[in-house]
Amino acid sequence: MGKKVDDQGFYGEFGGAFIPEMLYPNVRELEERYLEIIQSDEFQREFRHLLRDYAGRPTPLFKAERLSAHFGTRIFLKREDLNHTGAHKINNAIGQILLARRLGKKRIIAETGAGQHGVATATVCALSGLHCIVYMGALDVERQAPNVKKMKMLGAEVVPVHSGNKTLKDATNEAIRDWINHPVDTHYIIGSVVGPHPYPDMVTRFQSVISEEIRIQLEEKTGRNFPDYLVACVGGGSNAAGAYYHYLEDERVRLISVEAAGLGVDSGKTAATSLLGSTGIIHGSRTLLMQDDDGQIEEPYSISAGLDYPGVGPLHAWLAKSGRATVFAVTDEEALQAALLCTRKEGIIPALETAHALAVLEKITPGKDEVVVVNLSGRGDKDMETYIDKLGI
Ligand SMILES: *Cc1c(COP(=O)(O)O)cnc(C)c1O
């Protein structure tokens with residue numbers, strides 16, 4: 001089994017739709033209609049049009065010459081940071097808003113961590129004239145202030161969530177609660193390849209434009225349409241799922257997933273979900289998550305708000321468990337240093353999430369003629385305060 005999720009929404013033992021009864025009508029409607037809608041010619045025309053003329057796709061695949069020389073291999077950066085709103089999140093937001101319109105929904109809700117998904121959702125809501133409510137952990141509201149301002153200017157209502165450790169998991173709980181209370185008129189735009197089936201598959205399909213483009217661009221630049229190593233950071237796993245999609249069944253491509261180790265995998269302050277996690281259910285799907293012996297979810301920690309999540313999408317749980325992907329964990333400090341290296345060698349300031357992917361270049365040993373593609377999931381504007389502060393610049 002490769003890219004195709006099964007009829008029940010499972011990747012091996014992971015996935016499914018474990019939801020309260022109140023959500024059955026919503027989730028069933030999506031499950032029954034998403035493929036027919038998103039595969040229609042008319043949908044694809046509008047989706048492709050917005051990806052190109054609104055988001056700015058295709059994003060470049062850039063040969064990073066100075067990083068390549070530094071690491072003694074051939075490194076290409078897939079520039080998702082150059083998308084409108086500064087990250088890959090807009091690909092999914094565009095797909096889901098088009099779907100929501102076709103389902104006749106009038107009200108859009110979303111959760112957000114770093115605020116990138118909230119901004120992407122508020123953006124497509126403004127574009128479509130739909131009402132937008134974004135749930136965000138109160139701690140994240142504080143540490144991602146520039147994105148909160150953007151969402152407000154775009155006309156979204158930002159609701160701070162004060163439960164738990166006031167981050168992404170808690171925002172997601174609150175968004176699900178809202179959806180239960182507004183089952184008819186509301187579409188929930190989930191921001192990653194998490195949640196009940198069909199979300200993980202649906203979001204993966206919207207993000208798969210990333211690997212579709214990598215294939216064409218690598219062929220042009222190297223005469224070969226696949227890399228030897230394909231590296232992406234994994235929070236919920238949407239940028240990685242999109243970068244991997246067309247290579248899932250191609251064993252020549254080593255898939256390298258990078259999680260946030262926080263202060264260290266064994267420090268108790270970490271978000272290394274698939275390394276430390278065990279099988280459980282979170283936000284509607286069976287997956288690997290960090291939990292204690294009683295099944296209580298453990299609070300994750302990462303310097304990067306976008307990776308600060310105790311679970312991982314079911315596709316990634318399966319890729320990790322089956323060995324198809326190799327999972328690394330990168331600490332806050334390693335990520336900060338990688339961000340600085342990328343900035344000083346290439347003039348590209350990456351998002352803190354992306355910096356985790358870049359840090360793995362210190363941990364793998366590709367040959368000098370081998371090709372490494374790093375998915376540069378987003379830009380670092382939102383993280384400038386952290387960089388200046390922690391790097392002592
Ligand atoms: C949200 C975000 C991530 C993490 O989310 P995934 O679903 O794992 O991709 C990574 N990088 C950036 C720039 C983000 O905004």
Side-chain angles (χ1 to χ4, degrees), residues 59 77-93 96 110-121 123 134 136-137 140 143-144 146-147 150 167-169 171-172 189-195 199-200 202-204 206-211 231-245 255-260 271-274 283 287 300 302-317 319-320 325 327 330 335 338-339 342 348-359 374-383 386:
T59 58
L77 305 175
K78 180 59 173 160
R79 299 289 310 275
E80 292 301 296
D81 60 316
L82 293 179
N83 279 308
H84 182 41
T85 71
H88 64 289
K89 299 271 173 25
I90 194 79
N91 304 326
N92 170 49
Q96 287 205 49
E111 85 296 334
T112 197
Q116 291 301 106
H117 175 58
V119 169
T121 302
T123 296
V134 180
M136 188 168 189
D140 291 336
R143 60 179 173 174
Q144 306 289 337
N147 276 339
K150 283 184 197 165
T167 62
L168 183 54
K169 161 179 70 66
T172 307
I189 301 192
I190 295 184
S192 190
V193 289
V194 301
Y199 279 100
M202 181 167 74
V203 178
T204 297
F206 291 145
Q207 292 292 359
S208 70
V209 64
I210 300 172
S211 50
V231 181
C233 65
V234 173
S238 67
N239 86 86
Y244 294 172
Y245 187 77
L255 306 178
I256 309 287
S257 303
V258 188
E259 296 184 335
T273 311
S274 34
H283 299 141
T287 188
S302 166
I303 192 173
S304 136
L307 302 181
D308 201 348
Y309 185 70
V312 68
L315 167 66
H316 293 287
L319 291 174
V327 182
V330 158
C342 178
I348 298 171
I349 304 178
L352 256 173
E353 292 81 11
T354 314
H356 287 73
L358 291 162
V374 180
N375 197 35
L376 207 101
S377 55
R379 66 179 181 223
D381 304 35
K382 68 185 174 55
D383 301 308
T386 309

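From a predicted model like this one, the values you see are computed outputs, not experimental measurements. When a residue number appears, it is its place in the shown sequence, counting from 1. No hydrogens, no waters, no symmetry mates; every other heavy atom, side chains included, goes into these values. When a ligand or atom number is given, it counts from 1 through the structure's own listing order.
- The shortest separation from a heavy atom of H88 to ligand 1 is under 4.0 Å, placing the residue in contact.
- Close contacts between ligand 1 and G306 involve ligand atoms 4 (C) [criterion: under 4.0 Å to a heavy atom].
- Although no hydrogens or angles enter the test, the distance criterion places no donor-acceptor pair under 3.5 Å between the side chain of Y244 and the main chain of H316.
- If you number the atoms of ligand 1 from 1 as listed, the ones under 4.0 Å from a heavy atom of S192 come out as 6 (P), 7 (O).
- If you look at E80 next to ligand 1, there are no close heavy atoms at all, none under 4.0 Å.
- Donor-acceptor pairing under 3.5 Å is lacking for the side chains of E259 and T273.
- Remark: side-chain polar atoms of Q96 are paired, donor with acceptor, to backbone N or O of I190 under 3.5 angstrom.
- Protein heavy atom in closest approach to atom 12 (C) of ligand 1: S377 OG, 3.5 Å.
- L168 and E111 get closest at one heavy-atom pair: CD1-CG, 3.8 Å.
- Between G237 and ligand 1, an N or O atom pair is found at a separation short of 3.5 Å.
- Residue N239 has at least one nitrogen or oxygen atom sitting less than 3.5 Å from a nitrogen or oxygen atom of ligand 1, judged on distance alone.
- Heavy atoms of V234 found under 4.0 angstrom from ligand 1 belong exclusively to the backbone.
- In this structure, the side chain of T354 engages the main chain of G378 through a donor-acceptor pair within 3.5 Å.
- Short contacts between ligand 1 and G378, defined as distances under 4.0 Å to a heavy atom of the residue, involve ligand atoms 13 (C).
- For ligand 1, the atoms sitting less than 4.0 Å from at least one non-hydrogen atom of A351 are 13 (C), numbered in the order shown with element in parentheses.
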- [ ] Take L307 and H356 through the side-chain contact (heavy atoms from CB on, under 4.5 Å) test and state the conclusion after the steps.
- [x] CA-CA 9 Å; L307 302 181; H356 287 73; 3.5 Å; yes
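- In terms of protein heavy-atom proximity, atom 10 (C) of ligand 1 is closest to E353 CB, 3.4 Å.
- Considering backbone and side-chain atoms together, Q116 places no N or O closer than 3.5 Å to any N or O of ligand 1.
- Ligand 1 places these atoms under 4.0 Å from at least one heavy atom of G235: 8 (O).
- Side-chain N/O atoms of Q144 and N147 include no donor and acceptor closer than 3.5 Å.
- Under the 4.0 angstrom criterion for non-hydrogen atoms, K89 is in contact with ligand 1.
- For T112, the side-chain hydrogen bond (donor to acceptor under 3.5 Å, both in side chains) criterion is met by no residue, not counting sequence neighbours.
- With sequence neighbours left out, the side-chain hydrogen bond (donor to acceptor under 3.5 Å, both in side chains) criterion links R143 to D140, D308.
- Near S238, meaning under 4.0 Å from one of its heavy atoms, ligand 1 places the atoms 6 (P), 7 (O), 8 (O), 9 (O).
- The main-chain N or O of A110 is never found under 3.5 Å from a side-chain atom of T121 such that the two would form a donor-acceptor pair.
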